[in-house]
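Throughout, a chain's letter reflects where its sequence line sits, starting with A, and its residues are numbered from 1.
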Protein chains: 2
Amino acid sequence: MTSSRKPGLPQAKLRVMMPGGDWIGPGKADLLEGIEATGSISAAGKRMRMSYKRAWGLVETLNRMFSEPLVSASRGGAGHGGAELTATGREVLALYRQMQHRTENALSQEIAALSRLTDIPAEK
Amino acid sequence: MTSSRKPGLPQAKLRVMMPGGDWIGPGKADLLEGIEATGSISAAGKRMRMSYKRAWGLVETLNRMFSEPLVSASRGGAGHGGAELTATGREVLALYRQMQHRTENALSQEIAALSRLTDIPAEK
DNA sequence: CACCGTTATCTCCGGTCGGACATAACGACG
DNA sequence: CGTCGTTATGTCCGACCGGAGATAACGGTG
């Protein structure tokens with residue numbers, strides 16, 4: 001062994017700034033995914049250990065960001081209320097995941113180079 | 001004209017998470033560039049309309065992130081003190097800019113698709 | 001040895017963010 | 001028509017962030 005290194009590789013995260021000044025990043029993407037998986041804003045928030053207030057605020061922002069809402073929510077009713085992604089919502093989520101994968105693939109070279117710069121040079 | 005759109009395209013910003021929990025994003029990259037250009041932490045901060053305290057804190061973080069400092073600063077002396085990028089600093093800055101360009105190129109397709117989702121559909 | 005501009009460090013403070021909690025509305029269902 | 005779980009909305013509060021400003025250290029230079 002000639003050098004040691006902090007555990008874990010550098011990791012690129014993506015934030016897509018939208019024209020209105022809002023943005024979508026890993027947090028909102030995960031929340032969308034959680035809503036798709038659980039059918040509920042509060043459950044999706046709970047999964048991420050985030051208060052309902054915050055989860056609801058993020059959804060409100062997401063719904064403002066595009067010309068059509070990404071999340072459709074309903075109170076009461078058969079399933080005692082719930083939420084689901086709209087077609088636009090699924091599309092935006094898929095696009096963000098696609099962007100994530102593309103960046104990961106595009107940056108592996110530089111990630112490795114940065115990781116080397118966290119090496120602790122061996123003793124002379 | 002069949003649709004209108006908010007001005008400006010979506011824009012991807014990159015945040016590279018480093019193993020220690022710190023990260024480097026557009027702000028720290030611009031600050032490094034400013035230090036390289038001005039030879040001073042305070043001048044670089046001023047250019048970005050940021051307090052010296054904040055600029056100095058960012059530099060401290062940057063110097064902790066890698067195995068060698070990115071910025072070398074000196075008080076007093078010939079030029080009344082100043083700061084410059086180390087070789088590692090220049091390398092990290094170049095790598096980040098490279099990553100920026102690669103992501104821009106890799107994501108143009110999805111950026112365009114997201115932009116279409118901010119269109120306001122034409123009247124029927 | 002005083003001067004200079006920058007680095008380095010401190011305190012104070014206002015704005016912001018998010019959590020915790022409370023409350024109400026909702027609407028099908030039994 | 002009461003029950004239920006969720007959405008929707010509010011208040012209160014502590015944590016954190018960053019700016020403003022003060023102060024000192026530094027070390028060549030004149």
Counting N and O atoms only, with roles assigned by atom type, does the side chain of A/Tyr96 sit under 3.5 Å from a partner on the main chain of A/Leu14, one being a donor and the other an acceptor? yes
With hydrogens left out and only the distance checked, is there a donor-acceptor pair under 3.5 Å joining B/Lys53's side chain and the base of C/dT7? no
I need the OH-P distance between A/Tyr52 and C/dA22, as an integer number of Å. 17 Å
Does the side chain of B/Thr38 come under 3.5 Å of the side chain of B/Ser40 through a donor N or O and an acceptor N or O? no
Among the candidates D/dT7, C/dT9, C/dG27, find the nucleotide nearest to the side-chain atoms of A/Ser42. D/dT7
Starting from P on D/dC4, measure out to NE2 on A/His80 and report it in whole angstrom. 9 Å
Given that A/Met50 and A/Gly77 both sit by DNA chain C, which one's nearest nucleotide is further toward the 5' end? A/Met50
I'd like to know if A/Leu62 and B/Ile111 are part of one continuous hydrophobic network [Ile/Leu/Val/Met/Phe/Trp/Tyr, side-chain heavy atoms within less than 4.5 Å]. yes
For the backbone of B/Gly81 and the side chain of B/Ser74, can you confirm whether one donor and one acceptor N or O come within less than 3.5 Å of each other? no
Separation of atom CE in A/Met48 from atom C1' in C/dG19, rounded to whole Å: 15 Å
How close or far is atom P of D/dG18 from atom CG of B/Leu31, stated in whole angstroms? 13 Å
With a 3.5 Å distance limit and no angle check, can you tell me whether A/Arg102 reaches the backbone of B/Thr103 through a side-chain donor-acceptor pair? no
So, does B/Thr61 use its side chain to make a donor-acceptor pair with the main chain of B/Gly57 at under 3.5 Å? yes
Whole angstrom value for the distance that separates P of D/dT9 from CD1 of A/Ile41: 11 Å
Can you list, by residue number, the residues of residues 59-75 of chain B that have a non-hydrogen atom closer than 4.0 angstrom to DNA chain C? B/Ala73, B/Ser74, B/Arg75
For B/Gly82, report the nucleic acid contact type (base, sugar-phosphate, nothing); a contact means any heavy atom under 4.0 Å. sugar-phosphate
Using heavy-atom distances to pick each residue's nearest nucleotide on DNA chain D, tell me which of A/Trp56 and B/Arg54 is more 5'. A/Trp56
Length of the line joining A/Lys46:NZ and D/dT7:C1', which is rounded to integer Å: 13 Å
Identify which one of B/Leu70, B/Thr86, B/Leu58 satisfies the side-chain contact (heavy atoms from CB on, under 4.5 Å) criterion when paired with B/Asn63. B/Leu70
Distance, rounded to the nearest Å, where B/Leu58 contributes CG and C/dT9 contributes C1': 16 Å
Within this structure, what is the CG-to-C1' distance between B/Asp22 and D/dC17, rounded to whole angstrom? 16 Å
